[in-house]
Each structure stands twice: as structure tokens, then as C-alpha cells.
Number of protein chains: 2
Amino acid sequence: MKWDEIDQQPCSIARALSEIGDRWTLLLLREAFLRTRRFADFAERTGAARNLVSDRLEKLVAAGILERRRYQERPPRDEYRLTPKGLDLHPVIMALVHWGDRWHDDGRGAPVEHVHRTCGHVMHAEPSCSACGTRIDPREVTVRAGPGLRGLPDADRIGSA
Amino acid sequence: MKWDEIDQQPCSIARALSEIGDRWTLLLLREAFLRTRRFADFAERTGAARNLVSDRLEKLVAAGILERRRYQERPPRDEYRLTPKGLDLHPVIMALVHWGDRWHDDGRGAPVEHVHRTCGHVMHAEPSCSACGTRIDPREVTVRAGPGLRGLPDADRIGSA
DNA sequence: GCATTCGGTTTCATTTCGCAACCCACTCCC
DNA sequence: GGGAGTGGGTTGCGAAATGAAACCGAATGC
């Protein structure tokens, strides 16, 4: 299977990865969440080649994750901003940062800290159950086939309700 | 910058992506969380070419995310299982699935549902603050330079305490 | 007029991917 | 014992993606 066919899999991860699964794309998104908005800054801060930055930003705009906006006419300058769909990736980024902090600490501590303005503390994201609100223990989560998988061969493997 | 230098960035995301940022790697991990353990199953279920499966599984083992274990001597058969470091990616996977469900619904509903055994309901992961426990609103989270960034040029850009 | 900045595009050598074919150890079945 | 089948890979090769650097063009700044 080629990479550009993976979004046809009946899998939310495959579909998500078809848009953001690229090596550089998530780094660009990291920058977007750090309020980077301009082409040259994306290129410099991620360390990606400019042609790749150009290509990936365009794809993110096409996917509706970033929005390109003219913010100045003379000289014409555009900026790339997160759309609601893009902002909704915040939990993914937070989870990734937390994992990196835990398992790739170089002994000097986290490079970046998150502060929760609501309570004022340094924090990380902790997954909680949308139904009962308690903290999630991975072993307490089971998977089953949902409506989007009915009648497909994978349904057996995963098991349904 | 080449991709294999990316883990030198003082950024937890960059470091995390250096291990799991590959296109196919996250699909393999999806399968691992669905209790896939054998080579042929990984290849078939992700749709990746076998040489890539071989290469990526090896890298995941080297990274300590999967563990290769002989579970039968004659004929020799190994299986790949998630280590604690690998299991700790659960929040990342959950977040990705949820995003995929929200923004890539093909009209038939989620392909896979998560059930919280603790409360018995279909759920998704909702990030909550590790300090105060309330649900996180992305706009209420600010970022600042942490100890791992002290003295580096990026520190200014991000702003410190 | 001349240099500089921003935001790219083009070119081209190097890597990586995708696919099919091959290999080997072992088991099953007759 | 011969032949087919299975699990778990490796090899080889053409096609596609990547990375570095050069180039471009519009708009200032001086």
C-alpha cells in the first residue's frame, strides 16, 4: 500500500496520519502552537528545508488545519494560523510533549513547561474519561468495533459490543 | 537539517518524533495497542511493505518501545510486545484517534470505540490538568521555557517564568 | 541606484519507498 | 521421503521523496 492510500483505511489514526503523519508536519504544528506564523520563522525554527516548509504549509492549509491570511498589503505578507481543526490538535501535541519529557529527558529537565492559567501551576495533560471524569488507566480501556466498521473484515478481529 | 539530527533539538516533540514520527511507525503502534504481536499480522494489517515492517519493528525495539520475545522454541517464534515506554504512548494514540473521529468522520461513525471498563461507557480521552484536575481549555495553557532550555537562544522566544 | 528582506521555486544529487522475488527453518500430510 | 504450506524475514531494483543550495521577484531602506 502506498502512503497516499492509507486514508482509505477504516481507521481514525490512519486518516489522521494521512494529514499530519509526515515527519516535518508535526514540527511545523509545534511551531504553530508556539505562535509562529511566518514562513521564514517556520523554516528557521524547525530546521526544515524551505521547499519542504512551502510544501507542508500548503498541504496543511489544504487540509483546513492552517489558514493563510494576508495581514499586510504593502508589501504583501501572509501568515499561517491554526484553524479550529488545527487548534483541536492541542491534546495530541500535549500528549506527545509529555511522553517526550518522560522518556527523553537529557538530564536537564523539560525544555518547555506548560502553565495552567486557571490554577497557576505547571502541569501536563492527563487523560480523563469523557463519561465519568476519572483519570484513565490504559488497562481499563477496551476497544471494540464501532459503527464505521460494521460489515468490514476488521470488525471480527477487534470484536464488537 | 537532516531528519536523523532532529533529536538534538531541545524539544520534547522533536525527540519523540525522532522515534515515532515515521509514517508507518504510528500505524504499527496502533496495531500493537490492538494486541497485534506477530510480524505477518503487522504487515498485513497496516498494509506496509514487509521490509519496512522489519526495519520499523527493529527500530522500535532499539528505542525500547517494543520488546521482542521468543514465545516458542520449535519452530522459533518471536512476538513484539509493548514495553512500559510503549504503553505510555496510550494517551498519544487516544488523542489521535479522537481527533480523527472528529474531523475525518466519513458519515458512518467512528470505526473503533473505546469503552471505559471502570464506568462501562463509551468514552474518549479528555485532557485534564495534572495539577488541579479540571478539563483543559487550550487557551488556558501557556508555554514557557523550562530548565532544559536555559541559556539557549530559543528561551527568549518562548519566554520564561 | 544598490543592498536587503520576505516568501517562495528550481535544480539536482542522495535517500527512502514500494513491490516482487527469494530464502530458510520448520511442520503437515501422504 | 517428497511436496506443499507457513512464519519471518532479506535482497534488488525502479520510482518517488528529501535536502542543500542557488535562483527569483516584489517591495522597501538608504
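Keep in mind that this is a model prediction, so the values were computed, not measured. Per chain, numbering begins at 1; letters A, B, ... match sequence-line order.
Side-chain N or O atoms of Glu113(A) include none that pairs as donor or acceptor with a backbone N or O of His124(A) at under 3.5 Å. In this structure, Arg117(A) contributes its side chain and Arg139(B) its backbone to a donor-acceptor pair below 3.5 Å. With Lys85(A) contributing its side chain and Ala63(A) its backbone, the two residues share a donor-acceptor pair below 3.5 Å.
Set against dG8(C), dG9(D), dG18(C), the side chain of Tyr80(A) has dG8(C) as its closest nucleotide. Each of dG7(D), dC17(C), dG7(C) was ranked by its minimum atom distance to the side chain of Arg77(B); first place goes to dG7(D). Looking at the side chain of Trp24(B), the nearest of the listed nucleotides dG18(C), dC17(C), dG19(D) is dG18(C).
Using a 4.0 Å cutoff on non-hydrogen atoms, the parts of residues 45-63 of chain B near DNA chain C are Ala49(B), Asn51(B), Leu52(B), Arg56(B), ordered by number.
Distance CZ (Arg23(B)) to C1' (dA16(D)): 10 Å, rounded to an integer number of Å. Rounded to whole Å, the distance from CG on Asp78(A) to P on dG8(C) is 6 Å. In this structure, Phe39(A) places its CZ atom 6 Å from P of dG8(C), rounding to the nearest Å. Whole-Å rounding puts the Trp3(A) CH2 to dG18(C) C1' distance at 14 Å. Rounded to whole Å, the distance from OH on Tyr71(A) to C1' on dG7(C) is 10 Å.
Members clustered with Met123(B): Ile136(A), Val141(A), Met94(B), by chain and number, using a 4.5 Å side-chain heavy-atom cutoff among hydrophobic residues.
Contact detail for Phe33(B) and Gly86(B): the closest heavy-atom pair is CZ-O, 3.3 Å.
Within 4.0 Å of Asp22(A), counting heavy atoms only, lie sugar-phosphate atoms of the nucleic acid but no base atom.
Looking at Asp78(B) and Arg69(B), no side-chain N of the basic residue comes within less than 4.0 Å of a carboxylate O on the acidic one, giving no salt bridge.
The phosphate of dG9(D) (OP1 or OP2) has a side-chain N or O of Arg68(B) nearer than 4.0 angstrom.
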